[in-house]
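Hydrogens, waters and symmetry mates are skipped; everything else that's a heavy atom, side chains included, is used. No experiment lies behind these values; they were computed from the predicted model shown.
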Amino acid sequence: IPTVDGKAAGLFWIVPWDGGLWGCHWAMAPQYRGWATIEAARETAAFMFANVPPGQLDYLVGMTPATNGPSLAAALAVGFVQCGVFPGYFGFDDAAILYLRRPVNGQVQEG
């Protein structure tokens, strides 16, 4: 559970899917949106990369509504890279497709 000043600020959960895919979702209470959300996402990614061996998890892939500027900005601040668009995924809104590559020697890698 992500915390801010010792208080629960949101939650994240990990869902294994068939075929070796994993889903990871996070949510933050509205009063903690901003840097707390970015730190929670970074911690979630670090947890996933630390607990699933290389070769089994080398990329995290995410989607957010393409018109949701704050969510896109937060994902980019975490280190995600936008790599495409899924038309109409959220009904009348496209999904921005993002990825985060496993760090190599502690360094975030693009591509």
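When the shell of 6.0 Å around OH of Y89 is examined, it contains 12 or fewer heavy atoms from other residues, nucleotides or ligands.
Contacts classified as side chain to side chain donor-acceptor pair (under 3.5 Å) and involving residues 66-75 (residues at least two apart or in different chains) are given here: T67-D93, N68-S71.
Closest approach of F90 and P65 over heavy atoms only: CE1-N, 3.4 Å.
The distance from the CD atom of Q56 to the CZ atom of R102 is 9.0 Å, given to the nearest 0.5 Å.
The backbone N or O of A77 lies less than 3.5 Å from a partner atom in the side chain of R42, making a donor-acceptor pair. Judged by distance alone, the side chain of D58 and the main-chain N or O of P54 form no donor-acceptor pair under 3.5 Å.
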Q: Carefully, step by step, assess V81 and L100 under the rule side chain to side chain contact (heavy atoms under 4.5 Å, CB included).
A: CA-CA 6 Å; V81 175; L100 179 67; over 6 Å; no
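Using a 4.5 Å heavy-atom threshold, the side chains of F49 and L57 count as touching. Put simply, the side chain of F80 does not reach to within 4.5 Å of the side chain of L72, judged on heavy atoms. At least one side-chain heavy atom of F86 sits less than 4.5 Å from a side-chain heavy atom of M63. Contact of the L98 side chain with the T64 side chain is registered, since non-hydrogen atoms from C-beta on lie closer than 4.5 Å. For the pair I97 and Q82, the minimum side-chain heavy-atom distance is 4.5 Å or more.
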